[in-house]
Amino acid sequence: MLLPDKLIPISDSVFETLMAKPAFESWPENRTDELKLISGLSQFITEALQRDEGLIEQLPIMLEDNSRCADYRQRLKALLDQCSDEAAGHRVLRQFRNREMSYIAWRDFLASWELEQSLQHLSELAEAMIFETYQWQYKICCQEWGTPCNSEGTPQPMLIIGMGKLGGGELNFSSDIDLIFTYPENGETQGARRSIANAQFFTRLGQRIIKALDQHTFDGFCYRVDMRLRPFGESGPLVMSYAALEDYYQEQGRDWERYAMIKARVMGSEMYPEYQELRKMLRPFVFRRYIDFSAIQSLRRMKSMISSEVRRRGLSNNIKLGAGGIREVEFIAQVFQLIRGGREPSLRGRGLLETLQAIKELALLDEFEVDNLSNAYLFLRRTENLIQAMADKQTQTLPDSEIEQLKLAVAMGFESYVELTAEIAAHMKNVHDIFEELIGIEEDQCDTAAPHFHELWDMAAEQDVIENILDSDLAQTQAESLAKTIFQYKQDLAKKTLGPRGREVLNRLMPKVFSTLFAHKDAQFGLSRVLHLLHKIVTRTTYLELLDEHPAALTQLIRLCTASPMISEQLGRYPILLDELIDPQHLYNPVPLDSYKTELRDYLARIPEDDMEQQIEALRQFKQICILRIAAGDIAGVLPITKVSDHLTYLAEAIVEAVINQAWQQMAEKYGVPTHVNDRGGKGFAVVGYGKVGGWELGYNSDLDIVFMHDCPVNVYTDGKKEIDGRQFYLRLAQRIIHIFSIRTASGILYEVDTRLRPSGASGLLVSPTDSFDEYQHSDAWTWEHQALVRARMIYGDTPLQQAFAKTRQDILCLEREQEALKKQVTDMRIKMRDHLGGKKSGRFMLKQDPGGITDVEFLAQYLVLNFSHEKPKLSRWSDNIRLFESMIAQGVMDEAQAMGLIKAYIEMRDQIHHRNLLNLDADVAEDKFIDERALVTQVWKQWLE
């Protein structure tokens, strides 16, 4: 081999520098001639010679030995045995590695051996260094913490499993080493003053081994150690027992882990007996008993990911990852191993060349195709080794500089770089043609997502790449923050326990999610909500499949989550609601108002009456399903604000009735029922709704303000085995009702219940007899309690109680009042409420409590009813504000323009609160909103109350 003219000056300069060292005087002439050639080709070898006088002395002797790998371990062990401390051991390891790598590179550049010999030496050198480092550190760790033993006292080793090319015995020159650490059994250390768990011992040992090999010191480093192939990746424990490893691969093993495990090999031949048990456990995971054609799809997807990375990162001229490169040869061999390895033992080999030979013998590919693959692999691997051996850099990209290109061409035995690249191109074409025929990317006919949405998911672990996709392909102005959200989501998924089926569905689903999401104008808001929801449900594969198989459901999900974080939180908390998304016709048509009670009865009828726990849970699920439908109709604009409140109110009334029935059943089983209801039927019990529920104006997050009543006479008892006083029965009934509403189950609470509006407030009876309620309202109630009565109505109760309450309410509201005193009492209460609840925000209008807001409208209605009902009793009929103002018009209290103006202002402000509820925002807006509406409310307030 002769150097071309352009390389001779480089060679001469380096050679002269080296020959100035006296140690070279003893070199034989043939080795000196070889050194002159090497000086023009490999910076790595010449720098190693300049640094290490011992290498200069030893290299000519080393080069006489064609098979140095046979005694790597013995020589390295002897050197480590002489080390008195960790620093000395690290120096020995690095020096040993550099000297042996110089020997291997020298033979590679001179082509004085076959590629297979080079790969064997590289692999056995790495194994020797890994295993002897383990042996050296294991002894030291046992001296410090004791010897790890199982429950029977048998010492436990740590097995180091080499993955990838290291496992296959085909390591490249500057490769990372992919390792997995494991040990047979749990237990504790013995022989030290204080024992520690085996897991802790082996974790510390593993950390020391990594440090010994990976840490950069003055002498360099040995290998980049990559532990990411272990179970759970970077988020998993560094070392796991056999049992934990088996559980992981059986329950969560992914296709790429099957792919990786084919090449797995334990380091150190003395560990082979220990490894057989583990290998036997893992075999069913790696090699399926049946012919497994699903492997093609997963390898196809892995190749697609690699192609995306090559394209996005601009990795042109990459002989490993490019089309027809080394990785495609590996994939072709892997396909046959994964598909047929369970049936064909000859396909279970770790090495690629032996696998290709088995494929040929089994006639799985034509003979000429296997020969093409083998020749291409050998040529590209030799090229890869030489590229890396030039400067000991981990790269598979052909050089850019003319000098480096020339060096590579000479080392490969070509006259010019053009000839070399032509040969490389021919080999890669041969490989890619076979790859395309065998694994070629077949577009899924059902998959409508564009390629960049697949890339967005496949490359989600590379934040800069997905930021580029979001920016260039999707024209997203917030590309950086969106990329961060997607990247974080993928990181968080690594910590989740996902089975193979779940991951497969997720890989199909996520491109569709991105495609649908980024078609939405508010994608920047929806992305984090949708991903947060998916993160919540990702371990429930059934729900992922629902979204994957029903495009309409996915569209509705994204539409609703983008519009409302409240809905996305509800869906994430209670995934059973996702079933509602399947039928948009159903979703956007809530239950008819008069059907809530019958729908709920039917819903509960599926659960045994005596299963109270499930009955209570079903109530919550029914409420959530209904609220989802109501919110969907609200967002879609098919329900105006008044109808939204009507639906929420009728839903609440149906639930109140069901809760009372459940509580009554429980009480009746225990105590029987009060005897006064036996003859007439019913329950003798009622619930009065105040405020929003009383006024048919419930919002999404509203509490229930309620008061309990009964009509049980004194001296009535229950008729059960355990007899109690009738009024005591109703007290316990009310307590049970509150418990059913308030108890927190898997589906949350039902409603917050507030009973403080009862007579005498929190200090009064929880359940009022009807006559006591009437007496209190006439004799002791404050004006503000009469105001509250304006917005009160019975939402549950027997006819006698309904009549009694209606009479009390009518009588109280129609009392004649002194106008000025009433004005003062109403305005004083309004000021007091505003001071107590106002919480003013700078630059914001508080929709409820600020002057001109909703509460002013409500107080106006209450004042007018209390002031005029003694003359116009029809004003007391309704309890909702809209119909109250309509009654003011009908009864001539207000002119139509004024009343309709208040109704319009009231509806628009309530509509705003509803929508802010959906967005999980407080009930306030910018100060420049609702200017005209606030002015009208304030003007009417002044007219009537000042």
request  = Could you verify whether a donor N or O on one side chain and an acceptor N or O on the other, from Glu697 and Tyr906, lie under 3.5 Å apart?
outcome  = yes
request  = Would you tell me whether Ser645 and Arg910 have side-chain atoms, one donor and one acceptor, within less than 3.5 Å of each other?
outcome  = yes
task = Examine the side chains of His870 and Arg817 and answer whether a donor and an acceptor come within less than 3.5 Å of each other.
result = no
request  = Provide the closest heavy-atom pair for Arg529 versus Cys561 in the form atom of the first, atom of the second, distance.
outcome  = CD-O, 3.0 Å
query = With side chains defined as the heavy atoms from C-beta onward, is the minimum distance between Ile567 and Ile635 less than 4.5 Å?
reply = yes
ask   = So, Glu785 versus Tyr776: side-chain donor-acceptor pair below 3.5 Å or not?
value = yes
request  = Look at Lys832 together with Asp828 and state whether they make a salt bridge at an N to O cut-off of under 4.0 Å.
outcome  = no
ask   = So does Glu752 have more than 12 non-hydrogen atoms from other groups sitting under 6.0 Å from CD?
value = no
request  = Using a cut-off of 6.0 Å, state whether more than 12 heavy atoms not belonging to Lys643 lie near its atom NZ.
outcome  = no
ask   = Is it true that the side chains of Gln615 and Gln662 contain a donor and an acceptor less than 3.5 Å apart?
value = yes
task = Scan for salt bridge (Lys or Arg N to Asp or Glu O under 4.0 Å) pairs involving residues 647-666, sequence neighbours excluded, and state none if there are none.
result = Lys597-Glu657, Arg601-Glu657, Glu653-Arg793
key: is_close_aromatic(Trp664, Phe729), centroid dist under 6.0 Å   = yes
inquiry  = Give me the atom names and distance for the closest heavy-atom approach of Pro590 to Arg629.
reply    = CG-O, 3.9 Å
task = Assess the side chains of Asp634 and Tyr700: does a donor N or O sit below 3.5 Å from an acceptor N or O?
result = yes
Minimum side-chain heavy-atom gap Phe885-Met894 below 4.5 Å = yes
request  = Please confirm whether Tyr596 and Tyr650 have ring centers closer than 6.0 angstrom.
outcome  = no
task = Examine the side chains of Asn867 and Lys823 and answer whether a donor and an acceptor come within less than 3.5 Å of each other.
result = no
inquiry  = Working to the nearest 0.5 angstrom, can you tell me the gap between Arg732 CZ and Gln666 CD?
reply    = 14.0 Å
Within the 6.0 Å centroid threshold, strictly below: Phe708 and Phe685 = yes
ask   = Counting heavy atoms not belonging to Arg680, are there more than 12 under 6.0 Å from its CZ?
value = yes
task = May I have the step-by-step check of side chain to side chain contact (heavy atoms under 4.5 Å, CB included) for Arg791 and Asp705, ending in yes or no?
result = CA-CA 11 Å; Arg791 303 224 312 148; Asp705 292 302; over 6 Å; no
inquiry  = Surrounding CD of Gln943 (heavy atoms of other residues, nucleotides or ligands, distance under 6.0 Å), is the total greater than 12?
reply    = yes
query = Without hydrogens or angle criteria, can the side chains of Gln777 and Thr808 be said to hold a donor-acceptor pair below 3.5 Å?
reply = no
